[in-house]
Colleague: 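I'd like to ask some things about the structure below.
Protein chains get the first letters and strands the later ones, always in sequence-line order, with residue 1 at the start of each. Given the structure is predicted, the values throughout are model-derived calculations rather than measurements.
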Amino acid sequence: MIDLFTIVMTAAGLIFFAAGTLGLIRFPDTHSRLHALTKADNLGLGLIALGLAVQVPGPADLFKLILIWALAILAAGATAQLVARIAAPAGLGDDEKAQDGGSDGQERRRP
Amino acid sequence: MSSWYLLVATGLLLTIAGALWRVWRGPEQADRMMAAQLVGTGGVGVILLLAAMSGDWAMLDVALVLALLAALAAIAFVKSTRGEGEGDPEDDTPEDRASEDGAPR
Amino acid sequence: MIASIFDLTLCLVILAAAGAATLGRDAFMAVVFYIVYGILIAMAWLRLGAIDVALAEAAIGAGLTGVLLLAALARVARKAGKEPASAASVPATTIATALAALVITIGIAYAFLTLPEPQGLQGHVAENLAASGAENPVTAVLLNFRGWDTLLESIVLLAALLGIWTLAQDEAWGGRAGLRHVTRPGSVLAQFGRILPPIGLLVGVYLVWAGSKQPGGAFQGGTVLAAVWIVTIMAGLMQAPRVADRALRAALVIGPVIFLALAVAGIFAGAFLVLPPAHAGWLILAVEAVLTLSIAATLAMLVFGPPEPEEKR
Amino acid sequence: MTRKQGLIAAKRAVFLAGIWLVLTGADPYGIAIGLVAVVAATGLSLTLMPPRAGVALWPLAIMVPGFLWRSLLGGVDVARRVFNPRLPLSPGWKIMRTRLPDGGKAALGGEFSLMPGTLVAGSKGDRLLIHVLDTRQDITGDIAREEACFERALRDRETVPDGKREAR
């Protein structure tokens with residue numbers, strides 16, 4: 001039963017990794033590819049870690065698995081933004097008006 | 001179970017091989033760099049599976065180090081694309097720059 | 001069966017990454033392939049059961065070397081004013097290189113095939129582990145049975161740093177190592193640099209601590225600590241130290257110096273570099289601690305590079 | 001150091017001590033060196049991020065299930081597009097204002113980079129630069145909801161003096 005859970009989760013993780021790679025190959029532009037990579041791969045890693053979490057011998061290794069995934073998420077959240085930024089067109093967002101933003105479109109003050 | 005772990009790990013290696021194609025192809029430096037990020041994430045996955053397969057959970061430390069340092073190369077890369085390798089990718093206007101002597105030691 | 005398929009796939013992917021890193025025309029691409037190669041090699045070491053080496057490869061090969069090479073690439077481009085041109089290939093040079101590579105390959109293949117069946121040293125190490133003062137056989141070998149190698153390695157790192165510092169211009173000497181990094185205080189990079197380093201510091205210390213009884217040790221932990229320091233500087237939160245800074249210089253040499261002093265002291269106990277078995281345990285721990293400090297400082301300074309003239313910063 | 005700052009420092013020390021226990025598997029032989037390491041790490045954290053503003057933990061904790069669920073949706077969304085032979089994409093940029101402070105902006109950006117269809121490319125002033133896989137997707141509601149969650153977590157930062165720029 002436990003093994004079945006592991007098999008299902010790791011298989012699902014592999015599918016998302018495959019989706020990430022396929023997106024990296026198929027998507028037409030740099031930013032779309034970055035979408036595929038960031039979301040699919042970290043989900044894939046999370047599912048693999050979840051699948052293995054029921055196999056570890058003790059709670060210490062379970063928490064270590066969580067820590068590994070949390071670090072991967074932190075790194076992904078930061079690098080995705082940084083790489084997306086250097087690949088972004090220059091001058092994007094330079095005009096003061098927000099295009100779609102704000103529920104009311106009004107200037108918001110920082111608290 | 002260990003056969004299954006290796007099977008999934010082999011699948012992950014194939015997705016890594018796909019990422020290698022994107023490193024080779026580019027065209028942007030950002031494309032190459034993020035494909036390397038994919039290899040890093042996939043590598044963490046493979047190591048987790050190898051740990052489960054061998055039952056030697058000390059291998060998790062290798063995955064931990066890889067996950068911890070995953071962002072290092074990407075940060076060095078984004079820094080090298082702005083200014084003379086010392087700037088911030090979000091730093092577009094001179095007045096955004098930190099003033100005077102910068103950070104405390 | 002499936003194990004062979006995995007190993008074969010891994011070998012093929014490693015060969016592809018290595019081939020692309022050497023054959024690619026684009027220097028940036030070669031660096032990225034080299035980073036990828038480091039990650040893959042770490043997996044290969046795990047398959048060979050060498051977790052200590054895998055840890056070192058993950059930290060140095062996949063982590064630090066990538067930063068070092070990217071920084072070097074940016075530096076070359078800055079000095080040359082453009083992307084470094086790949087060297088023009090002269091037929092004679094190419095042929096000579098290929099011939100030399102062929103001769104070396106044949107030599108290695110000959111040596112490998114004619115070697116007697118290796119007995120391995122695991123038996124000897126296991127027999128004497130109790131006397132070494134360490135529970136992790138790799139640490140026992142590195143710091144006791146073959147302390148020579150480790151001592152010389154830490155000195156080699158220092159020599160490499162001196163080599164890099166000789167690249168500094170006269171007017172820059174004594175100044176801060178490398179470029180001055182600035183970031184927008186609220187940027188993603190700065191925020192990341194605030195959150196990761198405390199956790200990385202713990203992981204680095206943990207690896208050194210773990211080294212006495214399980215995979216880990218001064219090199220692995222020192223590399224992680226160096227990486228943590230590099231992140232805080234690249235995030236613009238700290239400045240690199242001046243190369244003339246006394247505290248920095250003390251940190252750089254303390255590991256090799258203490259190790260050497262201990263080795264010399266060993267003469268009185270019997271022979272050079274012999275640790276008295278009764279005290280080997282805590283002596284190894286002490287040497288590990290100071291070596292970690294020196295390795296971390298040296299590796300980080302290697303990445304920062306030589307001091308740059310003031311007006312460039 | 002005020003009482004409030006001491007509290008923030010103590011919270012961080014507890015968090016880091018927890019990480020140390022996870023790393024060592026709560027090995028009693030690691031306690032002594034762990035104390036030194038945790039003190040050093042807390043000191044480093046306080047240097048890098050002065051204890052000017054506290055972060056309320058429970059609003060962040062109740063965000064975790066939603067975050068996990070939507071990052072699952074994010075992966076599924078990408079997989080759906082990738083495996084579709086017609087490759088349904090119409091990528092574009094959206095610029096959104098946010099009233100979150102710097103740390104909150106970076107965290108919101110990281111979170112939205114893992115959510116379905118959105119990828120944040122950092123910020124300019126108070127504007128988040130968001131790349132979307134499908135320009136017809138309406139993200140205003142999502143942004144406002146997550147923004148409100150982060151605001152609750154960061155609410156007590158007003159109680160501590162905060163310069164316009166980080167005082168350095």
Colleague: Could you tell me which of C:Leu201, C:Val205, C:Ile195, C:Leu202 has the largest number of non-hydrogen atom pairs under 4.5 Å with chain D?
Modeller: C:Leu202

Colleague: Below 3.5 Å, can you tabulate the donor-acceptor pairs from side chains in residues 215-224 of chain C to any protein atom, sequence neighbours excluded?
Modeller:
residue: C:Gln220; atom: NE2; partner: C:Asp52; partner atom: O; Å: 2.9
residue: C:Thr223; atom: OG1; partner: C:Phe219; partner atom: O; Å: 2.6

Colleague: Among D:Ile19, D:Leu16, D:Val36, D:Thr42, which has the most heavy-atom pairs under 4.5 Å with chain C?
Modeller: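 So the answer, after comparing D:Ile19, D:Leu16, D:Val36, D:Thr42, is D:Leu16.
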
Colleague: About how many Å separate CG of D:Asp27 and CH2 of D:Trp20, when rounded to the nearest 0.5 Å?
Modeller: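 D:Trp20 CH2 to D:Asp27 CG: 9.5 Å, rounded to 0.5 Å.
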
Colleague: Rounded to the nearest 0.5 Å, what's the gap from OG on C:Ser294 to CG on C:Leu161? Could you check?
Modeller: 11.0 Å

Colleague: Using distance only, find each side-chain donor-acceptor pair of residues 110-119 of chain D under 3.5 Å and give its atom names and separation, not counting sequence neighbours.
Modeller:
residue: D:Ser113; atom: OG; partner: D:Gly109; partner atom: O; Å: 2.8
residue: D:Ser113; atom: OG; partner: D:Val120; partner atom: N; Å: 3.3
residue: D:Thr118; atom: OG1; partner: D:Phe112; partner atom: O; Å: 2.6

Colleague: Contact part of C:Val208 toward chain D, heavy-atom cut-off under 4.5 Å: side chain, backbone, both or neither?
Modeller: neither

